[in-house]
Structures are given as C-alpha cells and as structure tokens.
Amino acid sequence: MQLDSINLFVQDLERSRQFYQQLGFSFDQPPKQGGLVGYNSQIKLGLYELAWLTQLFGMLPPSTGNALIWAIAVDDLDYTYQQLLSSGIESLQAPAVMPWGQRVAFLRDPDGNLVELFAQCPTRLA
C-alpha cells in the first residue's frame, strides 16, 4: 500500500493555490472539475472546492475548517475494502468506477477522516 495524494476541500481555490505555491507546490494545469493538482517533490496535493463534498457524498460543507481525503492506492481494492468493513470501518461508497477513470471506494477512518481507496482501471473510460 502507498499514499498517493493529499486532497483538501477549500473555500477559495485561488487563495489556496497561492498559499501552497508559496510552500513550493507547482500547479501546471488550470483548474478543472472544481479543483486542481499540485506537486512538491514526491507529494501530490489536490485542492477542491467545498461544493465537491455535496457532489460526492451529499453532505454539507463544514462551517469551519476543511475536509481532508487521504487517497491511498491499493493492489486489491475489493479485498482491502472488505477487510476494513469487517473491522467496523464506516463505508461512504462501495468500490465503483468514477468519471475520472479510477475504481474507488470512500470510507471514514476511526477519527472520521475521509479515506479514498483506489485501484487503477485496466482501461480508461471513453
């Protein structure tokens, strides 16, 4: 298992981009689908508008603070997902192919943090 990226849900995408650029992250692509991705050495950072929480999970954005998703690549998504469910971890979404082409499951860690488990799809969606 390996950590793939850190994804933050932010109130002001441009303000957050500027802040993380000051910390050494580069954002080479313009924002798309309500977010953008930056890199600093080996760290991938996704910044997404708070509205994505509602689109993904039907939940309202928090009134203070930001939500965080740890995106973790796993070799066997179904096995890992079932193992976590059997240990009492809360599922938000069972494994499914997402519009961006990855097979993903969403869960909460024991402290309530959002966790995205994913496996690459063998072929990209058209």
Side-chain angles (χ1 to χ4, degrees):
M1 198 178 333
Q2 71 182 36
L3 181 65
D4 176 69
S5 63
I6 298 171
N7 301 294
L8 301 174
F9 291 95
V10 300
Q11 292 186 20
D12 184 332
L13 192 61
E14 180 57 24
R15 182 180 67 192
S16 294
R17 182 194 61 78
Q18 291 174 7
F19 174 79
Y20 284 102
Q21 276 184 319
Q22 291 177 350
L23 295 176
F25 285 86
S26 61
F27 298 89
D28 299 326
Q29 301 293 317
K32 61 181 178 181
Q33 295 182 343
L36 51 90
V37 176
Y39 296 89
N40 179 346
S41 183
Q42 298 295 321
I43 301 170
K44 182 167 81 172
L45 174 67
L47 300 174
Y48 299 94
E49 296 170 349
L50 276 172
W52 265 70
L53 283 178
T54 304
Q55 292 173 346
L56 287 173
F57 308 116
M59 67 171 55
L60 296 175
S63 58
T64 59
N66 294 318
L68 171 78
I69 290 183
W70 295 105
I72 301 171
V74 296
D75 292 329
D76 187 332
L77 179 59
D78 294 309
Y79 175 80
T80 304
Y81 177 79
Q82 290 302 322
Q83 288 296 108
L84 291 169
L85 286 184
S86 69
S87 68
I89 296 296
E90 177 188 356
S91 172
L92 296 172
Q93 179 181 309
V97 176
M98 303 306 281
W100 55 88
Q102 288 177 319
R103 194 154 177 271
V104 175
F106 291 98
L107 308 126
R108 287 195 186 275
D109 77 7
D111 294 307
N113 297 306
L114 299 172
V115 176
E116 170 189 329
L117 299 178
F118 73 90
Q120 298 293 350
C121 289
T123 58
R124 299 219 29 93
L125 297 175

What is the minimum heavy-atom distance between [X] and [Y], and which atoms define it?
{"X": "Gly35", "Y": "Tyr48", "answer": "CA-CD2, 3.5 Å"}
{"X": "Ala96", "Y": "Gln93", "answer": "CB-NE2, 3.8 Å"}
{"X": "Ala73", "Y": "Met1", "answer": "O-CG, 3.6 Å"}
{"X": "Ser91", "Y": "Leu107", "answer": "CA-CD2, 4.0 Å"}
{"X": "Phe106", "Y": "Met98", "answer": "CE1-CE, 4.1 Å"}
{"X": "Lys44", "Y": "Asp4", "answer": "NZ-OD2, 3.2 Å"}

List the steps, then state whether side-chain contact (heavy atoms from CB on, under 4.5 Å) holds for Asn40 with Leu45. CA-CA 8 Å; Asn40 179 346; Leu45 174 67; over 6 Å; no

So how far is it from [X] [atom1] to [Y] [atom2], rounded to the nearest 0.5 Å?
{"X": "Ser87", "Y": "Gln82", "atom1": "OG", "atom2": "CD", "value": "11.0 Å"}
{"X": "Phe9", "Y": "Leu114", "atom1": "CZ", "atom2": "CG", "value": "7.0 Å"}
{"X": "Glu14", "Y": "Leu36", "atom1": "CD", "atom2": "CG", "value": "8.0 Å"}

Stepwise, does the side-chain contact (heavy atoms from CB on, under 4.5 Å) test hold for Gln102 with Val97? CA-CA 6 Å; Gln102 288 177 319; Val97 176; over 6 Å; no

Do the non-hydrogen side-chain atoms of Ser16 and Leu8 ever get within less than 4.5 Å of each other? no

Non-hydrogen side-chain atoms of Val37 and Gln29 separated by less than 4.5 Å: no

What class does the angle between the rings of Phe25 and Tyr20 fall in, given that below 30° is parallel, 30 to 60° is tilted and above 60° is perpendicular?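 Ring orientation of Phe25 relative to Tyr20: perpendicular.
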
For Leu117 and Leu84: C-alpha separation, side-chain torsions, deciding distance, then whether side-chain contact (heavy atoms from CB on, under 4.5 Å) applies. CA-CA 11 Å; Leu117 299 178; Leu84 291 169; 3.6 Å; yes

Is there a side-chain contact (heavy atoms from CB on, under 4.5 Å) between Tyr79 and Gln83 once you walk through the steps? CA-CA 6 Å; Tyr79 175 80; Gln83 288 296 108; 3.6 Å; yes

Out of the candidates Leu77, Asp76, Asp78, only one should pair with Val74 under the side-chain contact (heavy atoms from CB on, under 4.5 Å) rule; please name it.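 Result: among Leu77, Asp76, Asp78, Leu77 is the only option passing the side-chain contact (heavy atoms from CB on, under 4.5 Å) with Val74.
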
